[in-house]
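I am attaching a structure below and will ask some questions about it afterwards.
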Amino acid sequence: MVKKLVAAGLCAAVLLVSSLAMAQDVVITKRGKKFHSATCGLVANKQTTTIDDQQAIAKGLTPCGKCLKVKEEKK
């Protein structure tokens, strides 16, 4: 029974890590310096383009502080 619980926990951990590694769709504006979730109020009623977050980062954009709060790395 314990072995089954440990195996189930490991499987869940692997699935969680793999889902976090996948790219997330975000939206950008034509002249913006940030990328946002599609539901962000800061880009409501604005013309946006959907790309994945890795593409946005490659373009030099940073996540929106309101809708995509990122945990800062500890130094």
Side-chain angles (χ1 to χ4, degrees):
M1 181 69 168
V2 173
K3 288 182 181 180
K4 288 183 181 181
L5 289 174
V6 170
L10 288 174
C11 288
V14 168
L15 288 173
L16 176 64
V17 170
S18 65
S19 67
L20 291 175
M22 293 174 54
Q24 173 186 354
D25 282 343
V26 295
V27 296
I28 59 173
T29 59
K30 194 171 191 173
R31 290 186 223 136
K33 296 180 182 174
K34 307 263 184 200
F35 57 92
H36 307 265
S37 71
T39 58
C40 182
L42 296 175
V43 293
N45 301 319
K46 293 185 180 178
Q47 187 174 7
T48 60
T49 303
T50 302
I51 62 173
D52 72 56
D53 57 352
Q54 298 303 314
Q55 289 174 316
I57 292 168
K59 289 180 173 248
L61 303 175
T62 57
C64 171
K66 300 236 181 224
C67 66
L68 297 172
K69 292 184 181 179
V70 177
K71 295 178 184 175
E72 292 186 26
E73 294 181 24
K74 293 181 180 179
K75 294 182 180 182

Leu61 side, atom CG; His36 side, atom NE2 - distance, nearest 0.5 Å: 8.5 Å
Under 4.5 Å side-chain linkage, directly or through intermediates, the cluster mates of Val27: Val43
Residue pair Thr39 / Cys67, side-chain heavy-atom distance below 4.5 Å: no
Over all atoms of both residues, closest heavy-atom pair of Lys34 and Ile28: O-CG2, 4.2 Å
Spatial distance of atom CD (Gln24) from atom CD (Gln54) [nearest 0.5 Å]: 10.0 Å
Reported NZ-to-CZ distance for the pair Lys46 and Arg31, which is rounded to 0.5 angstrom: 10.5 Å
Leu68 and Val26, any side-chain heavy atoms less than 4.5 Å apart: yes
Test item: Pro63 and Phe35 side chains (from C-beta on) under 4.5 Å apart, heavy atoms: yes
Test side-chain contact (heavy atoms from CB on, under 4.5 Å) applied to Lys66 and Leu42, step by step: CA-CA 8 Å; Lys66 300 236 181 224; Leu42 296 175; 3.9 Å; yes
